[in-house]
Visitor: 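Would you mind keeping the following structure in view while I ask a few things?
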Amino acid sequence: MSPHLNRALGPWQLLFTGLSAMIGSGWLFGAQRAAATAGPAASLAWLLGAFIALVIAGVATELGAMFPVAGGMVRYANVTHGPLIGFMAASANWIAIVSVVPIEAEASVQYMSSWSYPWARQLYQGGELTSSGLAVAAGLVVVYFLLNLWGIRLFARVNVLVTLFKIIVPTTTAVALMLSSFHAGNLVGSDTGGFMPYGLSGILTAVATSGIVFAFNGFQSPLNLAGEARDPGRTIPFAVLGSVGIATIVYLLLQFAYLGAVRPGAGGWAGLAFSSPFAELAVAFNLNWLAMVLYFDAFVSPSGTGTTDMATSARMTLGMQRNGTMPAVLGRIHPLYGVPRPALWFNLGVSFAFLYFFRGWGILASVISVCTIISYLMIPISALSLRYSMPEHARPVRVPAMRVTGTLAFVFSSLLLYWARWPLSGDIILLLLMFLPVYAWFRRHDGWERHRAACRHAVWFMVYLPTIAALSYVGSRPFGGLGWIPYGWDLAVVAGVSVLFCEWGVRSAMDTPDLSAIAEEDDLPAFGGH
């Protein structure tokens, strides 16, 4: 089979992959969960999340344009720090993306459960999908799979149309709700317990766990599909930064509409519980036409994102195989359709497993968010390292003040991990460490010198993860800790420790980056030049 993917994606098609990945189930539930965690200050949580996403995405575009390869997000760390830390970062990133596929199907079924039909009510009960709900969700995952099976061009054409619809519907929803019922006082909390009823920690936790990081994580899609992009130096920054900007506007409109339409009761914002928030609000305000559109869009929006992330996760699996930590069969590309079909089949099976073990949108969204945060950590470290080891290498995108911007991106990633609250932050780190036997199996034929070198470049990361977990455990009570470090000081400590680890991580990079796996893709434009 051909080892090459088809470079068929232009700037707008790549932009729509990012938007499609961002505007999915996040818009259906994100505003409610953010309000429940931060109250009216949820709007600040979205702005903060967008700013952090732009900083991290900006750094990532330099890498993506420099190395426009399939599954780029799982390959940069392997280039700069070797296979061990590359596998750790890739595993977190792959989990974060492949698990989005079932969560989008779950979102569609959860919205469907609010239909008036008795059979629909049986799909979602007690906060999770029933057996019949799982069956419907599994059917949707198969649809996402089939849309990717016959080539990137079919996927791109369908995705553009779906994404346009996905932008129009949430924007229309926000405007319609604001025109029907809008209590401006809710935006400042004049009658609902104040602007920040859950304090600053509520805003920060909302960014990390309520679906905000989960929503903006879609900026990775253009980077992971960079191996199929035309003129990547121009299309990648346009797609990555443009999709974050447009999605921010859409999510802010939705958050304002939700805050203005809802009147929290005695339980406050956290006491509000909707199985399908915007659809139920539309029914409450007699906007039956909007409710019908929303029920239809509950299939379209998550399905567009699920289809995009099925494509993205397959390229990530392909990238991990090229890194030497996945079976060779998963690196095969169909000679006619130019897609990694074995990787698609593999991720279909993984998606079914996630469906079975995580049967509710909120549960899986939190897990995805923390895995996503861990996957961000190596982006600034790799970008900073390459500025030292390959200073003259061609960079179609060059981030200004990379020393400051890259360090800031790493500090933000560490703070996001801390804001996720104990014990969730510790649980996901433990899950990641459990993947090490998989790495040992795939790299079992490496000689002792290669193993020792890989460990030497990864020591800082192996120390970093338990350090952040320990800080989370003993940190302030608003973030789930024991309270040994007072609130406020804990944020300063995490930031300071992060700066030290950032410096250690950059100094731990290989003197000569390992371009061997990427060099196999000899269709890269101007690759390896100075």
Side-chain angles (χ1 to χ4, degrees), residues 1-2 5-6 8-9 13-14 16-25 70-71 94 97-112 123 129 132-166 218 220-222 224-225 227-228 295-319 321 326 329-356 358 361 364:
M1 290 193 176
S2 167
L5 298 164
N6 296 325
L9 297 179
Q13 290 173 315
L14 209 61
F16 281 119
T17 65
L19 273 175
S20 183
M22 289 187 201
I23 304 176
S25 60
W94 175 73
I97 297 297
V98 74
S99 54
V100 173
V101 177
I103 200 177
E104 300 303 326
E106 289 181 349
S108 292
V109 176
Q110 188 168 328
Y111 249 69
M112 192 194 307
L123 299 175
L129 299 185
S132 57
L134 284 175
V136 175
L140 288 173
V141 170
V142 171
V143 172
Y144 309 160
F145 165 79
L146 292 175
L147 286 172
N148 278 280
L149 201 61
W150 287 290
I152 194 68
R153 286 186 175 89
L154 173 62
F155 158 75
R157 288 167 185 158
V158 172
N159 186 63
V160 168
L161 295 175
V162 169
T163 305
L164 286 172
F165 183 79
K166 290 168 63 173
Q220 293 195 42
S221 291
N224 285 314
L225 292 169
E228 289 145 287
Y295 285 135
F296 177 65
D297 187 67
F299 280 101
V300 176
S301 284
S303 295
T305 304
T307 303
T308 299
D309 282 305
M310 180 66 81
T312 301
S313 62
R315 275 65 180 180
M316 296 174 81
T317 303
L318 174 64
Q321 186 279 322
M326 280 286 186
V329 66
L330 297 183
R332 294 179 183 174
I333 298 172
H334 196 278
L336 176 61
Y337 298 110
V339 295
R341 280 192 167 182
L344 283 169
W345 280 104
F346 175 71
N347 288 337
L348 177 65
V350 173
S351 297
F352 286 155
F354 271 105
L355 267 181
Y356 181 81
F358 300 96
W361 189 91
L364 195 49

Visitor: Check side chain to side chain contact (heavy atoms under 4.5 Å, CB included) between Val329 and all other residues, then give those that pass, not counting sequence neighbours.
Guide: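 Only Pro327, Arg332, Pro342 meet the side chain to side chain contact (heavy atoms under 4.5 Å, CB included) criterion with Val329.
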Visitor: Residues in side chain to side chain contact (heavy atoms under 4.5 Å, CB included) with Phe352, at least two apart?
Guide: Ala138, Val141, Val142, Leu348, Leu355
Visitor: For Ala105 versus Ala137, what's the shortest heavy-atom pair and its separation?
Guide: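 In this case the closest contact between Ala105 and Ala137 is CB-O, 3.4 Å.
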Visitor: Could you label the plane-to-plane angle of the Phe165 and Phe296 rings as parallel, tilted or perpendicular, counting under 30° as parallel and over 60° as perpendicular?
Guide: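 If you compare the ring of Phe165 with that of Phe296, the planes turn out perpendicular.
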Visitor: Is any side-chain heavy atom of Phe354 closer than 4.5 Å to a side-chain heavy atom of Val101?
Guide: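 Not in contact.
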Visitor: State which residues pass side chain to side chain contact (heavy atoms under 4.5 Å, CB included) with Ala343; sequence neighbours excluded, sorted by chain then number.
Guide: Ala314, Thr317, Pro340
Visitor: Can you name the nearest heavy-atom pair linking Ser108 to Tyr144, along with the distance?
Guide: OG-OH, 4.5 Å
Visitor: Just how far is it from atom CG of Leu330 to atom CZ of Arg341, taken to the nearest 0.5 Å?
Guide: 15.0 Å
Visitor: With side chains defined as the heavy atoms from C-beta onward, is the minimum distance between Glu106 and Leu129 less than 4.5 Å?
Guide: yes
Visitor: Can you confirm whether Phe16 sits close enough to Leu164 that some side-chain heavy atom of one is under 4.5 Å from a side-chain heavy atom of the other?
Guide: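 Side chain of Phe16 against side chain of Leu164, heavy atoms only: contact under 4.5 Å found.
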